[in-house]
Structures are given as C-alpha cells and as structure tokens.
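Contents: one structure, followed by commentary.
Side-chain atoms are counted along with the backbone in the values below, which use heavy atoms only and exclude waters and symmetry mates. In each ligand, atom 1 is the first atom listed, and ligand 1 is the first ligand listed. Just so you know, residue 1 is the first one in the sequence shown, and it goes up from there.
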Amino acid sequence: MSLTLFLDPVFEDHKTGRHPESPARIEAIRKRLTDERIKALGKRGTIRRATVEEVTRIHGRDYVKQLEKTAAMGGGRLDADTVMSAESFEVAMKAAGTAIAGVDTVLKGVSKRALCLFRPPGHHALADEAMGFCLLNNVAIAAAHARAHHQLDRVLIVDFDIHHGNGTQDLFYSDGQVVFFSSQRFPFWPGSGAKDETGAGAGLGATFNLPVKYGTAPADFRKAFESTLMQAVRLAKPQILLVSAGFDAHREDPIGDLGLGNEDFEYLTKLVCDVADRECEGRLVSVLEGGYNVDRLAECVDLHAEGLAKS
Ligand SMILES: [Zn+2]
C-alpha cells in the first residue's frame with residue numbers, strides 16, 4: 001500500500017468563528033474523501049495526540065502551558081489573526097500527534113507516503129509564539145520526531161503554501177540537518193522569505209527561499225520551483241521528505257492567489273513524489289497548511305492524495 005491518509009472530524013472542533021481558517025475546510029475535504037474514496041487511494045491511518053515531550057522538542061514548555069491554559073479558560077484571541085476555542089489545545093495536540101503518526105507510518109514501512117489532513121495549520125508557529133492561524137508547528141514537530149525517534153539526520157521540508165513558512169524557517173535556521181525550501185508570494189504577509197534568507201551558523205546555506213511576484217505565469221513558477229527544489233535536494237540528500245502542503249496559491253483562493261490552478265498542484269505533487277522516489281525510497285509525509293476556498297481546497301487535496309497514491 002503506498003498511501004496512508006489521516007482525516008478525522010475531530011479537526012473540526014477547533015472553532016474560529018467568522019474566519020477563513022474554519023472547520024468548513026475539513027468538512028469539505030471529508031465530503032470529498034469518503035470512506036470509499038480513501039479505500040481507493042490507500043488506507044486510513046489512526047490519528048493520535050502528541051505528548052508534551054514531543055511538542056517541546058520544538059516549542060517552549062511555558063508556551064505549551066499557556067496554550068493549554070487559554071483553552072481551559074474557554075479560548076481567546078492570541079494575535080490579530082489567531083484564535084482559540086475551548087477545544088483548540090486538544091485539537092492542536094492531535095494535529096501534531098498525527099504528523100508524528102505520519103512519520104512513523106512511513107519510516108516503519110507501513111506505506112510509502114502519508115497525508116495528514118488536519119487543522120490548525122502549523123508553518124507560521126514559532127517556538128514560543130502563535131502566529132497566522134497556527135498554534136503548534138506540525139511539520140517541525142514531525143521533523144524533530146524523525147530525528148529524535150528514528151535517528152535520521154537528513155530531513156528535507158518543502159513548503160508550497162503561498163505564505164512563507166517563517167515559523168519552520170526560524171526553527172531550523174541554524175540547524176543544518178533539516179533543510180528547508182519554501183516558495184511564497186512576495187512581497188506578501190508575513191514579509192519574510194526573501195532569496196537572501198539562506199540560514200545561519202551550522203545551517204548557513206540550508207534554507208532555500210523562492211519569492212514569487214504576483215502575476216508570475218504558472219509555467220514560470222513551475223520552472224523556478226523545480227530548479228530551487230533540486231538545489232535543496234542536492235544539499236539535503238534527504239532520508240525523508242516532509243511537505244507543508246498549502247493550497248492557497250490557487251487563483252480562486254480568497255486570501256492567497258498566485259494564479260495557480262488545480263493542475264499546478266498536481267504538478268507539484270508529482271515533482272515531490274519523484275524526488276522522494278529518487279532520493280529516499282519514496283518516503284514522503286505531507287501535512288495540510290492553508291487553502292481557503294473550501295471547494296478548490298477539497299479538489300486539490302483529492303488530486304494531491306491521488307498523486308501521492310499512484311506514484
Ligand atoms: Zn498560507
């Protein structure tokens with residue numbers, strides 16, 4: 001079996017009110033990825049909660065406690081964009097744990113690929129700070145688990161969300177063992193992700209940024225994405241590929257829009273699968289980040305899953 005897919009209604013329990021990052025995103029994906037569809041694509045994985053030890057490989061203990069406390073008090077606003085409901089801490093811990101379950105599934109050889117469809121997203125979350133709809137940095141927690149639990153020392157994270165994965169970049173900026181490649185609309189929120197942000201110290205040269213101007217033709221985007229990805233791959237020689245899969249660069253996305261269509265996400269999926277097949281026996285774990293047109297999101301996630309399953 002080549003794909004294990006993680007998807008659960010519990011990820012609709014993180015309530016955000018009138019907000020683009022809403023439970024309707026997972027609801028739309030669940031409507032599309034029915035039991036029957038999942039069966040055709042692979043198998044369903046069992047979600048799990050992360051332990052405090054697992055998330056504190058990345059986040060500060062006090063920050064995690066603060067999130068728990070905010071939820072216990074009924075939730076609240078952490079910054080202008082990021083809100084929590086009473087359930088949000090538990091849901092975020094389950095998203096982080098599910099990213100870890102994805103890594104375990106792939107590294108134990110249960111399946112070649114894993115796709116973790118959850119919310120809240122993670123790639124803006126910093127060590128001690130929530131940001132941009134993100135509470136815990138799921139992909140970073142997955143990378144830390146691959147290192148600590150499976151003793152990997154070469155991990156490549158690829159982030160094609162329209163927003164810069166500033167949290168992930170920051171967490172591994174001077175690391176060197178985790179290579180990070182992010183493409184983003186630029187200039188755009190959160191402002192980082194320029195080409196000259198390339199890492200520091202032991203991580204100097206291990207961060208790859210591809211800033212993309214609004215109005216860039218999809219064909220040019222593809223070319224630049226592939227060429228920067230290959231540079232990152234050559235340096236990383238990855239043992240596993242982790243993908244921060246955001247679909248908000250879709251031309252119909254209400255808050256993103258970099259002119260991409262469904263077919264471009266199919267292309268990106270095939271590209272990362274080919275890399276994983278060439279470099280690391282196909283091992284790839286993809287985690288959901290953004291994508292706010294729920295209908296396009298569900299279509300693109302379905303195409304992404306199909307690409308992961310068939311190759
Ligand atoms: Zn985004």
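Taking the centre of each ring, His163 and Phe188 come in below the 6.0 Å mark. If you look at Tyr173 and Phe180, their ring centroids are not closer than 6.0 Å.
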Kindly indicate, with the supporting measurements, whether the criterion side chain to side chain donor-acceptor pair (under 3.5 Å) is fulfilled by Glu289 and Ser244. CA-CA 6 Å; Glu289 301 287 357; Ser244 268; 2.7 Å; yes
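Note on His123: not counted as a metal contact of the Zn ion (ligand 1), no N/O/S atom lying under 2.8 Å. Among the backbone and side-chain atoms of Asp248, an N/O/S atom is found under 2.8 Å from the Zn ion (ligand 1).
Geometry note: the Zn ion (ligand 1) is the vertex, His163 ND1 and Asp161 OD1 are the arms, and the angle is 100° (rounded to 10 degrees).
Note: His145 and His149 have parallel aromatic rings, judged against thresholds of 30 and 60 degrees for the angle between ring planes.
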